[in-house]
Every structure is written in structure tokens, then in C-alpha cells.
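Reading through the C-alpha cells given below for one structure.
Order of the sequence lines sets the chain letters (A, B, ...), proteins ahead of strands, with each chain counted from 1. Keep in mind the model is a prediction, meaning the values are calculated, not measured.
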Amino acid sequence: MQLDDPLPSSFLDPARVRLTRVPDVPPVLTVDGQTYEDVRVRLAFPLSDERKYVAFFDADDAYIGMIIDVTALDAQSQQVVDDELRWRYFTPRIVRINRMWSKSDRSYLDVETDRGATTIAFKGIRDHIAEIAPGRIVITDDHGNRYEIRDVHHLDRRSRRLIRAVV
Amino acid sequence: MLLASDLPETLRHAITALPVRDGAIRFACRSDLAPDGRLGDTYLIVAESRLLVVSQAGGRWVTHHDLALADISTVTIDPLVGSSALMATVAGRPRRLLRFTYAGSKDFSRAVELLQGLIGRDARPDAWLPSIRTEQAQETERAARTVHFRTLRRLWMFCVPHWHKLVVALLITSAGSLLDLLPPYLTKVLVDDVLKIPARFGLLMPLVLALAAARIGNTVISIVSGRLTSALGDLFAYDARTALLRVLQRLQLRYFDTHQTGGVVARVSRDARSIHHFWIDFAPQCLQQSLLVLGMGGVLFAMNWRLAALVLIPIPLIVIASVKIESHLAWYYGKSWDKWALFYARVTDALSGIKVVKIFAQEDRQTAQLQEDSYKVYEAERHIHARSRTVRPILAFIVATGGLLIWWSGGQQVQDGTMTLGTLMAFFGYLGMFYGPVQYLTSMADWVPEMMTAISRTFEVIDSTPEVYDPPGAVPMPHLTGRVEFRDVTFGYEAHRPVLQTLTLAVEPGETIGLVGHSGAGKSTLIKLLCRFYDVTDGQILIDGVDIRRMRLVDLRSQIGYVEQDPFLFAGTVAENIAFGKPDATREELIEAAIVANAHEFIVKLTDGYDTLVGERGGRLSGGERQRIVIARAILHNPRILILDEPTSSLDLETEKKIQEALGRLMEGRTTFAIAHRLSTLRDADRLIVLERGRPVELGTHEELLERRGVYYRLVQLHRDVSSVVAVEG
């Protein structure tokens, strides 16, 4: 069997990776002297590892490569990666559950998150609340927005009781 | 299957007259069809080196066939309609030996197997004789297993690890029962000493308080013992489910050939729940009520033995009625269970085939079909309830007659002044508590059979033969080189109907073998044998020179990779699916495997990357994506032997190319068996083996086989014609 494409190298050497940016414009990536503009940054494990396994894609969304650990980059590049990740991944963290009720076939959660208070509405518990790791719960509302409980044990007693009644 | 001693006396005498000795009978088999086609006994007897077919006519034994085993080249079963025929090939011509109805199928299949062994080149010694014996013994034992006592003993095994908790629960429950004895006694004191004329008011308040204390104590104890016993019940049920699940995973694939998946699901969910019921509802209640019956009975006799004797009169009636009903209802519960299992199986089927149903717009018909099954469940349940709901009020009436007797006899004693009114009232108090449990214990007749049926079915699964992963004396082979050899392999799912015949093939490490043939030619069967999902009927499969039946199963399976036609993804994340065969893989290894499989890029582009949850059957991913995840799984697994079942359907060119690339990398350096459909794979294979009706007909490279202009050539031509038709139409 013949291989048309050579195998892409698995991981980039963080010493040869640099990211720079000007405000409000996607960053510029330099790998081994080659420059890519308007780079997209994605996590390979967005739910289970937020600062590791970061993949870069060029302006046409073609894969460039991946670094294992962000902290191996220089400080400026690290900052850029962190900014980019914050830009791409928006998941408010629930810090408190005030009320939980259902009306007809919808369930509602009145919550406070690290990004402000809101009411989460969704239909059907099974498809919308998932414990992705012990103590870690992700809630998806009807629009597909995501909310997260980082660690159920860090919630107050009442919130914990409320959420434990459904998951 | 019969032994000499099982044959009728007269027949044995008849045989002794023949030129064989009685003791020389190897085995015999009884058919229920006489040679003239009427129902009657015909015997196949294999004695020494002869095969006899004998039947009774007019009180005498007549020999229909008497053949030397050496003259017989093969023995087969020819399936007819309503019966089957046992055929032997003698001097190149088929000979009809006898016929048997389907009732004899199993015995005669076994007989054919044994006969093949006797007439084949490797005439085995008489070593199989004891194995027939044990088989029979096992069957008898299996019949005895339905006895509830066995089931109860098995249930008890579940509590052994938790016995100390059980003792605590027991003690508290008994304390509760003792406390129940108090209120009626207090009532007696209240009526006789406090409410008598002239009344003694000073005692009223303390007595009412004592009554209240008894009630409160009772409530507290019920809560505590209830929580305790049900927690234990949940625990036992969990243990039972775990045992069941462990066994289900380890069952031989054969089990799933004969049992519908839905039916198995019903077992796990419904039947394991019945174990839960047993421990939560049945066992604690049964215990408590029994204690009450004993306690109350004792108190009643102590208070007034003549009255107490009257109380006992209805009890034999109750017991007899219950026992009769139980055995009667058990049939209906068995029926109900079957209907439920069928219903579950149908629903599971309908849901997994939902796409097909929708495409053919057959929703209504499916619904109607399911409704019909549902109706059967309704009917079965209705029969049960109609009976139990009739029986219970009648039992209640019998119980009530006891009360009537007490009013009559006890009333007389109060009138005579031989008994106080308080004693009579206390008596009634205890009586209510006595008949209550008695009635409860009788109502058990209602649901104990159902529960026991379900529980024994659960044990039936738990007790079934699991795959032996590590038989004693198995050869550990943790590092295979991948040399595979098939030696005269013959196999049939039923012994007399071979699917593969005398297949011989030696494969060098790293070689790629393409398996070619029409569907049903035996390609998948060959793969299943290599994975040891089934054992060969005859011949051997060797890996690195060792018979795979002698290898540790774990070593064999862990070094075989399987990329299946319809890639199966488990519910879980993409990462978990890739790491399925190597759960301790690091993320770097995972990513590298995905890169080799051309899967990394599309995975990282998913919203949740490797953390993406793939639903049942991986519905959220495209076929090509699922394929590549499965390839990554195989790469990470790093098997020495790879099995590749190519999908028949083609994907778009770009995806196809990526998959081809990934497969090429995967196959490098591994012994590969590819069930190939794509011409490119066939061309690249080192050798191709062409199967036709279970027999290897051609072996060679793509070019060699094309030149030969045989079966393979025609297959490729056909494939080309089809492709060109599609191309023209497209």
C-alpha cells in the first residue's frame, strides 16, 4: 500500500513556537521560522484538560500542529494562547443554585455563575445534564449554551442537594 | 443418546444373537419413526465396528441395515420436511439409514459427530463414552435446578458477605415485633381496671401515655429497621446485578446466537430487580410477619387456650388453598414472563431498526405488531390478576370465620363471667395482629412464584458456561510473531452442516491475505474461528506453531485487532473509544494513534475535541469518521494480527483516500486478514484465498488469479460490470 502523504509530525517543539498578536485581530503563529497569520487555537481535550494539548489551525482551517503543554511556551505566547482559548471557549461556571422547578415539559434552574446570574431552561434532564467526571457536571440549555459545575463538593449544601436530586 | 444399558431388554437379547457381543455396544440412538414412516421406535446401534439399524415389527426385532463402519465413508443428516434422514455413503452411493422427527435432531447430530470420529482418519478411542454419561447427568441436574430450594440457597450466598449487618437488622426487627405485643395488653388493663364501674381516673392518663410511648417506639423502630433492611436489599440487588453483568460479558458468543439481545436485556433489568424485591419487600416482611405470627400465637394461647384453639381452625384451610394456588399460578407467571421477554425483544428490535422502518414507511405496521405483542402481555397479566383477585377475597373470608367463632365462644365466656370484657377485647386486638400476618404470608402465594421464576432465571444465566480465559495448562504467549496456520480446518455451527471444510493455509508474519468469496462462502466464519469465538470442529488453527485452543485466550485476543465493517462506537468520549483496547494509554499515545489514522484533525475540530461524547452507535459522526476512530483504536491496540472487514459501501473520494492511507499504515508489518471488497485492497494483498461454499478453491496473487480465469476472475468481472453500470447511471 502506498502512502501519498508523509505522516504529519505528532507534536511541535514548544521552543520553536511563538505567538504574537495585535488587539482584536487573530494571532500570528511562527513555527520554525514559518509564519501563519489569522491562526485558530483549539483544545484537543476542552473538557478534561484546559491548558494542555493545544492545536493550531491556519486561516483556511487546515491543521498546523499541536503543543502538549502551554506552560512550555514563552510568557508572551502563553498569554496569547490563554486569550485565544478564553475567546473560543465560553462556559460560565455555576457557583450557586437558587431554585429548581419544572413547568409542563421544561425544567428551569435559577443559578448564579462566575459570569452573572441567569435562568437555565431545558427540555428533558437526561439529554441536558451530564456528569462528565465524578463531581463535574455540564448543563446544556435548549439553545446549546453550556454551563458547568466544576466540583459539586464546592457548592453549598442546598445547591448540592438540588443538583443531586437530578444527577 | 443411549448407552447399552438404556436399550430395551428384548433388543439387547436380539443383538446378542447377531455377530456382535452385547458389551461391545459403543452407543445407540433412538428414533421415533419406524421404517414404514409410522410413529414407532427405530434404533441406530453402533457396536464394535458395525452400524446397525433395528426396529420392532410384530413383536420381533428386525435388522434393516447392518454395515461395517469401514465401508462407510461419510455420515450426514438430510433435512426433510417434518423429519430428517440419516444418510451414509457406502461405496460412493448415498444410503438411507433411517428417519427421525425433529425431536431426535439433537441426539442424531451428536451421533453423526461421534460416527464421523469413528470412521474418520483419526479414529478416536472410546474416551467419549464417559462424556455422554456426564452430559446426561448434567441434563437431569438442570431439571432439578428449578427447585426453589436451590434458588433460595443461592440467594443466601449473596448475604454471606454482609451477615453482620443482617444480624443487626434482624435484632431490631424482632424488637419491633415484641413492642407490638404491648398495646393490646394495655387495652385490657384499660378496659378491666380503669374503665370499670366505679372508674379509677388516676390510671387513665399514665396508661394512655404508655400506649402513646409504645406507638412512638414502634414507629421509630419501623423507620430504622425499614431503612436498614432496604439498604441491605439494595446492596444485595447490586451484587446480583454485578454477578449477572460479569457473566454476560464472559458468555460465549454462541449464547447470543440463540438468545435475542432484547431478551437478555429483559433479564438484566427485570429479573435482577426481582432479586431486589426479594430482599427489600419479601425477606424483611416475611421475617417480621413470621415473628408476629409466633408471638401472637403464643400470647393468644397464654391468655385463653380454648379460644386460641378456635383461632387455629381456619388456618389449615388457608394453607391448603395457598399451596394449591401457588402451583396453579406458577404456570401463568411463566407465561407472563415469556410474553414480557418477547415484548422487550421486539421493542429493542424495532428501535434499533428504526431507520429501516422509516425508510419503508412501515411505522404503522410496526406499531400494530408491537401492539399485538403488548396485547399478549395484557392477556397474560389479565389471567393472572383475574385469578389472584378472586382468590384473595375468598381467603379473607376464611380468615373472617375465625373472628365469628371467637365472638360466639368468647361472648359466652364473658356472659358466664369466666372471662373479663378486657381480656376479650385484648384477644381481638391480638387476633387482628395474628390474622394480618397469616394473611400476608398467604398473599405471598400471589407473588412468590413470580419472584422465584424470575430469580431462578437470573441464576440460570449466572450459572451458564462462561468462556474459559485461562484454562489450567494454557500456554502463555504474550509476544506473538504472527505466523498463522490453518490445518485441515472444518467447522459448522451445527456439527453436521459444515460451513468451512478442510481449509489449509499458512500465513507468514506480516503477510496480507485477502479473503474473497460470495457472501456465505465462509469468510466471516474463518475470522470468527481465528478469534476463537468458536472452536473448530476438526483440524487445527496454529499461531506461532501453537494450537489456539491451547493458548491463553487473553494472549490471543489481546494481540488480534479487528476493524469491523460497521464500526461500533461505545457510548462515551472519542478518547475512551480510541483507548478501548488500552485504557491506560497516555494522551500523547492517543493523539499519535489518531494522527496515524488520519483522525486527529477532524477530532480536534469537534467542539469538544477528544472529549466529544459519541452517542449510541456513534450517531453524531459520519461513517468515514467512525471508521477512522476505529482504525485509531486498532493502531493504539497494536495487534500482531489484524482483521480487516472492509465496508461494502463506498465513501467520497477524499475520505476514501484518507481511510486507505490509514489502513495502509495500520497493516504495515502485521499479519493481516482482509475481507476485501475494494479492488485496490485486493491488488495490494500478498495473496488472495478464494472461498466457495466453505471450501478454498483458489490461492495466489491478484495477477495470478486473474490469469487463471477462474472463480476470482469472474468475481472481478462482475464487480467491474456493476461499477460501470453505477458509473453510467451516476
Donor-acceptor contacts under 3.5 Å from residues 21-28 of chain A side chains, at least two apart:
unit_1: R21(A); atom_1: NH1; unit_2: E84(A); atom_2: OE2; d: 3.0
unit_1: R21(A); atom_1: NH2; unit_2: V25(A); atom_2: O; d: 3.2
unit_1: R21(A); atom_1: NH2; unit_2: E84(A); atom_2: OE2; d: 3.1

Can you say whether F45(A) sits under 4.5 Å from chain B via the side chain, the backbone, both, or neither, judging by heavy atoms?
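Both backbone and side chain.
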Under 4.5 Å heavy-atom distance to chain B, tell me which part of I68(A) shows up: side chain, backbone, both or neither.
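Side chain of I68(A) only, per the 4.5 Å heavy-atom cut-off to chain B.
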Chain A contact via L666(B) - side chain, backbone, both or neither, heavy atoms under 4.5 Å
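For L666(B), no heavy atom lies under 4.5 Å from chain A.
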With a 4.5 angstrom heavy-atom cut-off, which part of A575(B) approaches chain A: side chain, backbone, both or neither?
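Side chain only.
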Evaluate the side-chain proximity of I513(B) to I689(B): yes if any heavy-atom separation is below 4.5 Å, no if none is.
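Yes, their side chains come closer than 4.5 Å.
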Evaluate the side-chain proximity of K605(B) to F57(A): yes if any heavy-atom separation is below 4.5 Å, no if none is.
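Sidechains of K605(B) and F57(A): in contact.
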Centroid-centroid under 6.0 Å between F56(A) and Y36(A) rings:
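No, they do not, as the ring centres are separated by 6.0 Å or more.
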Determine the option with the most heavy-atom pairs under 4.5 angstrom with chain A, choosing from D608(B), T512(B), T612(B), I603(B).
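The answer is D608(B).
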Check: residues 630-641 of chain B side-chain donor-acceptor pairs under 3.5 Å, at least two apart:
unit_1: R633(B); atom_1: NE; unit_2: N577(B); atom_2: O; d: 3.0
unit_1: R633(B); atom_1: NH1; unit_2: F568(B); atom_2: O; d: 3.4
unit_1: R633(B); atom_1: NH2; unit_2: F568(B); atom_2: O; d: 2.9
unit_1: R633(B); atom_1: NH2; unit_2: N577(B); atom_2: OD1; d: 3.2
unit_1: H637(B); atom_1: NE2; unit_2: S558(B); atom_2: O; d: 3.1
unit_1: H637(B); atom_1: NE2; unit_2: I560(B); atom_2: O; d: 3.3
unit_1: N638(B); atom_1: OD1; unit_2: R670(B); atom_2: NH1; d: 2.6
unit_1: R640(B); atom_1: NH2; unit_2: G669(B); atom_2: O; d: 3.1

